[in-house]
Amino acid sequence: MSWDELLRPFEFEFFRNGIYVATIAGALCGVVGCYVVLRNMSYIGHGLSHSIFGGYAVAGLAGVNLFLGAGIWGVVTALAVGGIVRRRPIGSDAAIGVVTTASFALGLALVQLYGSPGRNADALLFGNVLGVTTSDVWLIVGVALATAAIVFFFYRQLLFTTFDSQVAAATGVRTAWIDALLMVVLSATVLATMNVMGVTLIAATLVVPAVVARMLTDSFGKMLALSGVIGAVSGFVGMNASYHLDVASGPTIVLTSACFFIVAYVFGGRFRRRAGTVAHAH
Amino acid sequence: MTSTSELAGGLIVVDDLTVNYGGGAPVLIDVDLTIEPGDLVGIVGPSGSGKSTLLKAMLGTVAPVSGSVRRAPGLAVGLVPQVETIDWNFPVTVAECVGMARARGLRMPWMSRSERTEIGDVLDRLGMHGLGGRHIRELSGGQQQRVFLARALFTNAQVIFLDEPTSGLDVRTRHDVLHLLDDLNADGLTIVLTTHDLNGIAAHLPTVVCLNRSVIGAGRPDEVLVPDVLERTYGSPMEVLEHGGMRVVVDSPIDGNVTPMRRIAGGRGGASA
């Protein structure tokens, strides 16, 4: 394949928009996914994206802005999951299972009764990169910048709360507030990423880069950076593969990150041992 | 340290404290306790006696049903959790683990030069020189305990709480941890810990509190590690023997309803109670 062929899709605005969104969304999901994976909430992305689908339907029926309505719905769902886990002896996986599937079921029922609001339900479920507009690009840029600022300034509080919530609370960290902040960031991330990935594949973009990064390093800071880079590269490569192979973007992005997983699984131990040896020498 | 409610001073004053979870039976009932600067206090009692709940109440993470816990204004506290509660696969190096303790307010993600120096100094002080880059799982049992002690010290805590600091440690490591706590206390740090280990830990502390939902006894080990207080604390007869100038608490299953065990079943040596 020549350079000309490789670069040809960049002539199209829809592709440029798609590649911007896929790359930024990959990095964003990679970073946010670290917290999700380390909190043993890997299914929250899957659940929230389904839940937000319910929010779309409710917002359409209520006649409010679809994005705003679905976003608020997602935040409320995420906070409800967090609240249930905090107040009842129920694991986060079970709480996610109850709250988000109920919301998805509500969305399906409403779509069946009253029709799909605005966007095509298939596009929401499986992603539609052709439909990415300039405003979608600005949305993902805004969410990514806000998330970067939150992760930067609350880095230690997020790490302490994720690693050892009880001790963090005992030493004065407002853990409930930090948990809620993370849930808001997660909801915004899922909402802004849904157009490219679709409801059904979004969980993989949250989980796979973080898991790959975890296999490559024992340091949280390095895991966060690695996961962001792996997510961004998966988004960029997967989007190009999508064009050249004529396969939907969601699957190609996920399959690219799955390739990273296989490589990390095979070589990760050796890489980490060597990195560890270097660290010990200092 | 005192267990009287009349004393108003001290770093932490627990006054007539009653705590329960979700409206159930009280876990703590009318507990009075005062922690004063420089105290090294061990809280002992059977499982379910409220030791950890009392720590949480003093830390402010459990709300009282009645009574109060008053802490000196601006008091900085640190908590060393039970090692069993730690996720040892979590990706943090020793330095990251210690550094996360300074988390309040808006801070840069990375450690400043002075923070890195402080972390190095704390690790040196605890005998962990050069281990900052290691993953926490790669440490020995004693070192793992020290990482969390280092984290508590890095917060500049004036009072450090340790929940079962020697559980799961071998005898030598337990001694090392005990000596370390003694040294830190001699340097002015106030320490409150819970322990199940009456002979290995509690008997060597300056002050012991026997707790079973209420404070049964508090004072020097020779005052409270006595059969009467121990029986009321543990609900089972216990004997205190003298051995080489040390007090040794042993279970005493000899009461009216229990036949004394004379020999381990199948054993020849005749181990007896």
Side-chain angles (χ1 to χ4, degrees), chain A residues 31 34-35 37-40 87-89 148-178 210-227 268 272-273 275-282, chain B residues 21-22 52 55-62 74-82 85-111 115 120 130-138 148 151-152 154-157 159-163:
Chain A
V31 169
C34 288
Y35 298 101
V37 167
L38 293 174
R39 286 168 175 245
N40 296 320
R87 293 189 184 85
R88 295 285 183 270
I150 287 168
V151 169
F152 186 88
F153 287 113
F154 294 97
Y155 177 87
R156 297 192 201 183
Q157 298 185 13
L158 281 164
L159 171 59
F160 204 175
T161 307
T162 302
F163 177 53
D164 201 347
S165 183
Q166 190 193 349
V167 178
T171 46
V173 176
R174 292 184 296 163
T175 53
W177 190 86
I178 290 292
V211 169
V212 173
R214 177 65 192 96
M215 289 197 289
L216 296 176
T217 181
D218 274 336
S219 156
F220 180 77
K222 288 176 185 167
M223 178 181 169
L224 211 56
L226 263 175
S227 184
R272 211 172 52 192
R273 271 197 297 280
T277 311
V278 173
H280 294 176
H282 287 285
Chain B
Y21 291 110
S52 295
L55 283 198
K56 287 177 187 169
M58 286 194 275
L59 284 160
T61 57
V62 167
L75 183 70
V77 297
L79 170 64
V80 179
Q82 288 188 37
T85 65
I86 302 297
D87 175 5
W88 294 104
N89 285 320
F90 195 96
V92 278
T93 62
V94 169
E96 284 177 324
C97 185
V98 176
M100 73 172 72
R102 286 201 189 155
R104 294 170 71 178
L106 293 179
R107 288 177 180 272
M108 294 293 121
W110 53 83
M111 298 292 145
E115 283 178 325
L131 298 181
R134 281 209 190 174
H135 185 258
I136 53 171
R137 190 186 52 242
E138 296 170 354
F148 293 96
R151 187 176 68 178
F154 187 59
T155 61
N156 294 324
V159 183
I160 288 189
F161 296 89
L162 300 98
D163 199 1

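All chains are named by letter (A, B, ...) in the order of the sequence lines, taking the proteins before the strands, and each is independently numbered beginning at 1. Hydrogens, waters and symmetry mates play no part in the numbers below; they use all other heavy atoms, side chains included. Predicted model, so just to flag it, every value in this text is computed and none were measured.
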Query raised in the report: Side chain, backbone, both or neither: which part of B:L55 has an atom under 4.5 Å from a heavy atom of chain A?
Result: neither
Requested in this report: Please state whether the side chain, the backbone, both or neither of B:M58 comes within less than 4.5 Å of a heavy atom of chain A.
Outcome: neither
Query - Any side-chain donor near an acceptor of the partner, A:S219 and B:E96, under 3.5 Å - result: yes
**Report entry** Which atom of A:D164 lies closest to which atom of B:P81, heavy atoms considered
**Finding:** OD2-CG, 3.8 Å
Report task. Grab the two heavy atoms, one from A:F160 and one from B:R151, that are nearest each other, plus how far apart they are. Result -> CE2-NH1, 3.4 Å
Query raised in the report: Is it the side chain or the backbone of B:F148 that comes within 4.5 Å of chain A heavy atoms, both, or neither?
Result: side chain
Query raised in the report: chain A heavy atoms under 4.5 Å from B:T93: which part of the residue, side chain, backbone, both or neither?
Result: both
Query raised in the report: Could you state the interatomic distance from CG (A:L159) to SG (A:C34), rounded to the nearest 0.5 Å?
Result: 11.0 Å
Report summary line: Turns out that what part of A:F220 lies under 4.5 Å from chain B's heavy atoms comes down to both
Query raised in the report: Given a strict heavy-atom distance threshold of 4.5 Å, which part of B:R102 is in contact with chain A: side chain, backbone, both, or neither?
Result: both
Report task. With side-chain contact (heavy atoms from CB on, under 4.5 Å) as the test, would you mind laying out the steps for A:F163 and A:R39 before giving the verdict? Result -> CA-CA 8 Å; A:F163 177 53; A:R39 286 168 175 245; over 6 Å; no
Requested in this report: Would you mind checking if A:D218 and A:K222 are paired as a salt bridge, meaning a charged N to carboxylate O distance below 4.0 Å?
Outcome: no
Query - Which atoms of A:T161 approach chain B - backbone, side chain, both or neither, heavy atom under 4.5 Å - result: neither
